[in-house]
Each structure stands twice: as structure tokens, then as C-alpha cells.
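Remarks on the structure that follows.
Quick note on labels: first sequence line is chain A, next is B, and so on, each numbered from 1. Please read all numbers here as calculations on a predicted model, not as lab measurements.
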Amino acid sequence: MNIGEIIQQGVVEGVKRLYGAVVSIDQVAISTTRKEFEGDYTVVTFPFARLAGKKPDEIAQELGEYLQREVHEIARFNVVKGFLNLVVSDHFWVRFLESMYQNPQYGQHPAKGEKVMVEYSSPNTNKPLHLGHIRNILLGWSSVQLLQAAGYEVVKVQIVNDRGIAICKSMLAWQLFANGETPEKAGIKSDHLVGKYYVLFEKRFQEEYKNWQQSEAGVQVYAQWQQNEKNLQKANKWVEDEQKKAAEKGNDVAVLELTPDRYFFKEVYKNTYFNEYSSLGKAAKEMLLRWEAGDPDTLALWRQMNNWVYQGFDATYAKLGVTFDKIYYESNTYLLGKDTVDKGLAQGVFYQKEDGSAWIDLTDAKLDHKLLLRSDGTSVYMTQDLGTAQMRYQDFGAKRMVYVVGDEQNYHFQVLFEILKRLGEPYADGLFHLSYGMVDLPTGKMKSREGTVVDADDLIEEVIREARVNSEERANISDLEKAEQEQIIWSIGLAALKFFILKVQPKKRMLFDPKESVDMQGQTGPYVQNAFVRIRSVMRKAAQEPQAASGNYETLESIERELLGQVYAFPSLVATAAEELDPSTIANFCYDLAKNYHRFYHDYSILNAETEGAKAFRLRLSEAIGHTLQFGMALLGIEMPEKM
RNA sequence: GGUCCCGUAGCUCAGCUGGAUAGAGCAGCUGACUUCUAAUCAGCAGGCCACAGGUUCGAAUCCUGUCGGGAUCACCA
């Protein structure tokens with residue numbers, strides 16, 4: 001039983017003894033005491049006022065006396081306006097510290113014997129990873145660590161979208177314009193080479209489209225469309241909105257060509273043009289058909305380009321320090337799920353229209369009807385996801401699955417989970433969509449086709465560069481081996497980046513300011529690392545001393561109690577964070593703990609403490625905090641250097 | 001239009017299972033390195049917690065509505 005529960009239990013008994021009233025344990029509101037008052041934990045006595053027929057202050061006083069007498073962990077108490085502040089005995093804290101300060105695994109929960117699968121990253125293979133993937137990857141990796149710490153066995157998977165029109169665009173552009181260029185010849189990272197041709201395809205397509213817009217056919221199509229009053233209104237509204245946006249950002253409205261026909265060609269007609277008129281579009285679609293037909297040359301090109309992309313991805317994953325246990329490829333899974341549809345039809349969960357298409361009616365769950373199989377019998381995205389879920393369950397038997405996917409797919413996953421539930425799948429109740437908000441840039445939304453993305457590799461390079469500059473300025477590690485220096489610089493740079501992204505609640509949309517992301521002071525990863533480095537430095541010095549400090553420590557300083565309270569709360573925080581899959585709580589915890597430690601470190605001497613007892617205590621406290629910080633940051637995928 | 005998410009300091013974010021005077025960081029201004037690493041610490045300044053109702057002894061937190069921002073609602077993935 002932890003101290004919070006002991007207090008709650010004591011209050012329940014106290015209320016019963018003193019007032020003859022029965023309250024349940026979860027009716028006892030308990031929180032950590034605010035800094036400005038003396039105490040570790042605070043009991044709110046307002047809810048008992050009616051039961052006891054007394055004023056909160058009186059109750060607090062009487063309960064305080066009772067607890068001090070009956071619960072030996074409680075040393076003293078004070079009452080402020082109905083709040084009962086309890087001081088936990090120094091003995092309790094010292095004993096707690098004894099029990100854990102040498103445990104580097106403090107925070108790890110015992111094995112549950114349950115398996116969880118986590119799917120994350122899940123990129124397309126037509127271009128390199130960007131900032132959005134980084135948020136996904138970091139959230140995924142951190143979720144894996146959290147679940148493991150909570151005692152689950154975790155399987156890490158990703159599903160790679162290696163087929164479809166997007167990769168065909170890259171392939172086609174490479175075929176048409178590359179003259180056999182390879183990553184080696186061009187001297188660029190292999191996934192960036194593929195991305196280069198994807199962008200080139202878009203560029204050429206835009207040129208082609210622009211020409212067509214000025215052709216007779218283009219002019220005519222627009223003329224016809226704008227005859228409809230409503231269409232024109234929409235277009236004008238778009239122009240207005242865009243102008244307003246541009247003005248707010250201080251962009252030059254004149255260069256943006258914000259006219260009604262731009263709206264039409266950009267927002268309305270582009271897909272139709274691509275599908276019906278564009279020669280490039282046509283060629284890409286033909287390539288997709290050849291791929292589906294299994295044409296050997298097309299497949300060979302497809303394999304080559306995909307391999308380039310995988311090589312590049314692997315390098316990026318390695319830099320970020322993440323791994324996968326199994327990779328699924330859509331080229332293998334895109335036909336899956338038809339069995340599931342058959343099963344659903346047989347069960348009467350799905351229904352069929354006259355044209356042969358299969359559907360499910362989810363209107364009673366406020367989710368509308370959903371297509372599961374096209375009338376020609378081919379799969380859609382949903383079909384595929386049903387099949388993959390099934391396949392993964394067969395592969396690993398995990399009754400819980402976590403999908404790390406952006407929040408634009410909230411609806412999709414709501415539907416997917418509802419369907420699996422109705423099919424009565426054994427894992428249906430363990431499905432979780434870890435939904436995260438989009439990453440915005442100060443300049444606006446990221447669009448890969450318009451080149452406004454932040455590339456993952458560039459970003460990592462930038463943050464490492466910044467770490468290097470900072471490190472060289474300080475010269476704290478300049479006497480180390482070059483390789484060791486590099487390792488430290490990498491850990492600092494990555495800490496800055498990872499912490500910056502993970503400290504924000506996943507479901508919130510976040511603004512990514514490149515300048516702030518490379519900050520290494522204040523509420524940042526390196527700040528937390530620095531607290532650890534200070535601890536390690538003290539430990540190294542202490543280890544050199546002839547005899548270990550020992551002796552009793554009588555009265556804890558309030559900052560020491562606060563630190564112990566934080567460390568004490570850590571394991572249950574890990575459990576909650578794992579249950580809610582929210583790494584931000586861990587990031588904020590690590591920051592708060594580091595902040596308090598920095599303050600403690602500044603205000604009190606450890607090695608030159610007043611007494612041997614105080615010294616021994618503070619060394620242990622430091623070691624405990626060191627372990628907690630290291631374990632906590634590892635949950636975020638952040639390493640802690642010995643020196644920095 | 002339906003559904004879902006978000007709105008807290010100039011900026012980026014905590015706090016949200018209801019509790020005391022709403023917290024950090026950045027940016028701005030002051031100060032502290034002969035001392036265990038100053039990637040640190042201390043201080044100043046900065047708030048109708050979008051708005052309006054409701055529930056409650058008590059609301060940033062729960063409920064309803066309004067406004068603002070975003071996502072989504074394909075025989076695309």
C-alpha cells in the first residue's frame with residue numbers, strides 16, 4: 001500500500017471513529033501539499049462537513065489529531081482553511097530512499113504476461129521521412145517503452161505503403177528524366193533521390209497542367225464551371241479567405257495569383273485533369289496497372305526504388321534510435337480482408353447491395369454506412385485494415401493493438417474498431433488509436449508537393465550542429481576522445497529534438513518552431529540531461545573518497561522531501577502514462593524533477609554537507625534521482641550522457 | 001450541414017478523475033561562477049483560463065449554448 005492509500009484509509013477510519021459516518025476510500029480527496037504550506041500531502045475536509053455536522057476547520061483539526069496518533073507514518077499536521085496538511089515522518093522517507101536508491105530499474109513494473117502490438121511510422125515509399133513522421137516515430141517508440149515499463153510484452157510493427165499511384169509517380173519521373181541516376185552516382189541519400197523524382201513529377205505535372213489551362217479545352221472547362229452561380233461564389237470566397245490569410249502572414253498578395261480560376265484549377269479540377277487529360281497522369285496510371293498485372297520490368301524498377309527508400313529510412317531510424325520487430329508491406333496485404341468481409345456477411349453484420357458491394361450500417365453508433373468491398377469485388381482501405389488486424393492477431397496473438405496514426409484518421413479508426421467489435425474479434429476491446437495532431441510550422445501547413453516540408457534528416461542534422469556549437473563553446477568535454485565527444489553531442493542534439501516534440505500532449509496540434517526546437521536551455525531535453533550530468537559528476541567525486549559517508553540524517557529539508565515525494569510518485573505515473581499512452585506526462589515529470597534537483601544542487605552542498613549523515617543521505621538521494629531521470633528519459637527514447 | 005478535437009501570459013506549452021493566491025520555459029529587464037559542471041540558480045514584469053449560462057460549499061477543470069481555429073464525412077490510401 002502506498003502512502004496516499006495509507007492516508008486515505010486512515011481518513012476513512014477516522015471519519016468513522018470520530019463521526020460515525022461511512023465514506024468510501026475514493027471519496028477521500030488527497031493531493032500533494034502546495035509549496036507555500038508545510039506538509040507532504042493534503043486532505044480536503046469540505047466533503048465531510050455535512051456528514052460530521054461540523055465546520056471543515058474543526059474536522060481537519062480532529063482528523064489531524066487522529067491521524068497523527070493512529071498512523072505512524074504521519075509525524076505532524078497543520079490546518080489551513082479546511083485543508084489538512086500532513087507531514088510524513090522523516091523515517092518513512094529515509095526508509096523509502098534506502099529501499100530504492102540502488103535500483104536502476106526503479107519505475108519498471110512486473111511482467112503482466114500480456115502482449116501489446118504497437119504500429120508506428122508507417123510511411124509511404126515515394127519520398128523521405130519528414131517532420132510529421134518524426135512526431136509519429138517518437139510517439140510510437142515512447143509508447144513502446146512505456147508499455148514495456150508497465151509490464152507488457154511489446155511487438156513493434158510498421159506497415160509500409162509501398163504501392164499505389166504515389167510510388168508510380170516517382171518511378172515514372174525517374175524513368176523519364178533521371179538518365180539512370182543512382183544514389184551513388186548523384187551522391188545523395190537514397191530515399192532523397194526517390195523523393196527528388198517525386199517532386200520532379202509534380203513539377204512537370206504542374207507545368208503541363210498550366211499549359212493546358214490556357215489551351216482551348218482548359219478555358220472552356222472553366223467557362224462552363226463558372227456559369228454556375230454557386231461555383232463562382234465559392235471561388236470568390238476562397239479568393240477572399242486566401243487574401244486574408246496571406247495578408248496576416250505578411251505575404252505579398254500580388255504574387256500569389258489569387259483569382260477564381262486558380263481556385264477552380266487547384267481545388268476543384270486537379271484530380272479530374274490528372275485522371276482524364278494529363279499525359280503524365282495517364283502514364284502513371286498505366287504504370288500502376290502494369291504493376292498490378294505483374295509486369296517484370298515495372299516490378300524490377302519498383303523494387304529498386306523501394307530498396308533505395310528502405311536504405312534511407314533505415315539510416316534515419318538508426319539515427320533516431322528506433323527499431324521494428326516486423327514490417328508489413330501493403331503490396332502483400334492489400335488484398336487481405338475479403339475473408340473477413342465474407343465472414344461478416346455470413347454473420348449478418350454486413351449487408352450487400354444489388355451491385356454486389358458490401359457495406360456495414362453503423363448509423364446506430366452515429367457512424368453512417370461504410371463500404372467494405374467495391375462492386376467489382378476489390379478491396380478498399382478499410383478492407384485491408386480489417387485483414388491486417390486479423391493477420392497480425394494470427395502472427396502474434398496480441399489482444400491489444402495500438403495504432404499510432406495522425407488525427408485526420410480518427411473517423412477511420414472509430415469505424416474500424418466498431419466493425420471489429422461487431423465481428424466479435426477477441427482483440428476488439430484492446431484496440432487503441434494513438435491519435436496525434438498535425439505539426440504546424442510558423443510559415444503554415446506542411447505540404448510535400450509544394451516543398452514546404454521539414455525533412456527528417458535535415459532536421460536531425462540541424463539539431464546536432466547546434467549541439468556541437470554549444471558543446472564547443474563550453475569545452476566541458478573537449479578532453480575526451482573524438483568518438484566519445486561525438487556520441488555525447490548526438491545524445492544532446494537528439495534530446496533537444498525528442499523532448500521538444502514529446503513534451504506536448506499527443507492529441508494537441510503543435511507548432512514546430514525550428515529555432516525553439518534547437519534550444520538547449522530552459523524546459524528542454526539537455527536541461528534534464530544536465531541535472532543527470534551533475535549527479536554523475538558528484539558520484540564520481542564521491543567514489544574517489546577513501547571511505548563512504550554514513551550516519552543518520554535527522555531532519556529533512558523541505559526541498560529534499562519534495563524531491564523524495566516526486567521520486568515516490570514515479571512508478572504510478574509510469575503506469576498511468578502507459579495506460580493513456582501519453583509520453584508528455586513523463587517528459588513534464590522529468591523536467592520538474594530536474595528543475596527541483598538543480599535548485600537543490602544550487603542551494604545545498606552534497607559532498608560538503610554539514611554532517612556525515614546529511615552527506616550520505618544526499619548522495620543516496622542524488623543517486624535515486626539519477627536513476628529516475630535516466631529511466632524516465634529512456635521512456636522518451638532519450639539517452640543520458642555522463643558528461644556534457 | 002453532421003461528427004470529433006482544440007482555445008490558458010507577447011510566443012510555445014503544463015495544470016483538466018472539481019479544491020487553497022492559475023504554473024513553467026522562451027522573449028524583455030536585474031543579479032549570482034576562486035565552490036559538487038553557469039546547458040545552472042535567484043529576482044522583476046507579464047492572465048476577464050475565448051464568451052455566456054448552469055451544477056456545486058468550491059469550476060481553468062464537469063454540463064449546455066455561442067464564437068473562433070482545425071480535422072473528417074470517397075466504390076482514395
Item to check | Rounded distance [0.5 Å steps], CG in A/Leu345 versus CD1 in A/Ile360 | outcome: 10.0 Å

Checklist outcome for this item: Whole-Å distance, A/Arg509 CZ to B/C4 C1', equals 14 Å

Next on the checklist: With a cut-off of less than 4.0 Å, is there a side-chain N or O of A/Lys595 near OP1 or OP2 of B/U40?
Outcome noted: no

Checklist outcome for this item: RNA chain B nearest-nucleotide lookup for A/Gln521 and A/Asn271: closer to the 5′ end is A/Gln521

Next on the checklist: Closest-nucleotide mapping onto RNA chain B: is A/Arg540 or A/Asp519 further toward the 5' terminus? I mean the 5' end.
Outcome noted: A/Asp519

Next on the checklist: Taking the P atom in each of B/G46 and B/A71, what is the distance between them to the nearest angstrom?
Outcome noted: 37 Å

Checklist entry - Can you find a side chain N or O atom of A/Lys515 that sits less than 4.0 Å from OP1 or OP2 on B/C11? => result no

Checklist entry - Using a cut-off of 4.0 Å on non-hydrogen atoms, how would the nucleic acid contact of A/Tyr334 be classed: base, sugar-phosphate, or nothing? => result nothing

Item to check | Pairwise P distance, B/G7 and B/U17 [rounded to whole Å] | outcome: 14 Å

Item to check | Atom pair distance, as rounded to whole Å: NZ in A/Lys285 and P in B/C76 | outcome: 11 Å

Item to check | Side-chain N,O (A/Arg374) to OP1/OP2 (B/A74) below 4.0 Å | outcome: no

Checklist entry - Would you say the side chain of A/Asn85 and the base of B/A20 hold a donor-acceptor pair, judged only by whether the two atoms sit under 3.5 Å apart? => result yes

Checklist entry - Ring centres of A/His433 and A/Phe417 under 6.0 Å apart? => result no

Next on the checklist: Test your reading of the model: is there a side-chain donor-acceptor pair from A/Arg474 to the backbone of A/Asn470, 3.5 Å cut-off?
Outcome noted: yes

Next on the checklist: Using only modelled atom types and a 3.5 angstrom limit, is any donor from either the side chain of A/Asn608 or the base of B/C36 paired with an acceptor on the other?
Outcome noted: no

Checklist outcome for this item: Taken to the nearest whole Å, NZ/A/Lys370 to P/B/A77 is 10 Å

Checklist entry - Strictly by modelled atom types, are A/His602 and A/Tyr597 linked by a side-chain donor-acceptor pair under 3.5 Å? => result no

Item to check | A/Glu418 CD to B/C4 P, straight-line distance once rounded to whole Å | outcome: 14 Å

Checklist outcome for this item: Rounded to whole Å, OH of A/Tyr527 lies from P of B/A39 at a distance of 12 Å

Checklist entry - OP1 or OP2 of B/G58 sitting under 4.0 Å from any side-chain N/O of A/Lys81? => result no

Checklist entry - Is any side-chain N of the basic residue among A/Glu58 and A/Lys55 closer than 4.0 Å to the acidic one's carboxylate O? => result no

Checklist entry - What is the distance from CG of A/Leu84 to P of B/G19, rounded to the nearest Å? => result 17 Å

Next on the checklist: Please report the distance separating the C1' of B/A38 from the corresponding atom of B/U34, rounded so that it comes out in whole Å.
Outcome noted: 15 Å

Checklist entry - Rounded to the Å, how far apart are A/Asn596 CG and B/C41 P? => result 10 Å

Checklist entry - Has A/Phe46 got its ring stacked on the base of B/G58, with centres under 5.5 Å and planes less than 30° apart? => result no

Checklist entry - Is any side-chain nitrogen or oxygen of A/Gln505 closer than 4.0 Å to OP1 or OP2 of B/G15? => result yes

Next on the checklist: Ignoring hydrogens and geometry beyond distance, is the side chain of A/Thr42 in donor-acceptor contact with the base of B/A20 at under 3.5 Å?
Outcome noted: yes

Checklist entry - Looking at A/Arg34, does any N or O in its side chain come under 4.0 Å of the phosphate oxygens OP1/OP2 on B/A20? => result yes

Checklist entry - Taking atom C1' of B/C4 as reference, at what distance in whole Å does atom NZ of A/Lys366 sit? => result 10 Å

Next on the checklist: Could you check whether A/Lys282 pairs with A/Glu276 (Lys NZ or Arg NE/NH1/NH2 to Asp/Glu carboxylate O, under 4.0 Å)?
Outcome noted: no

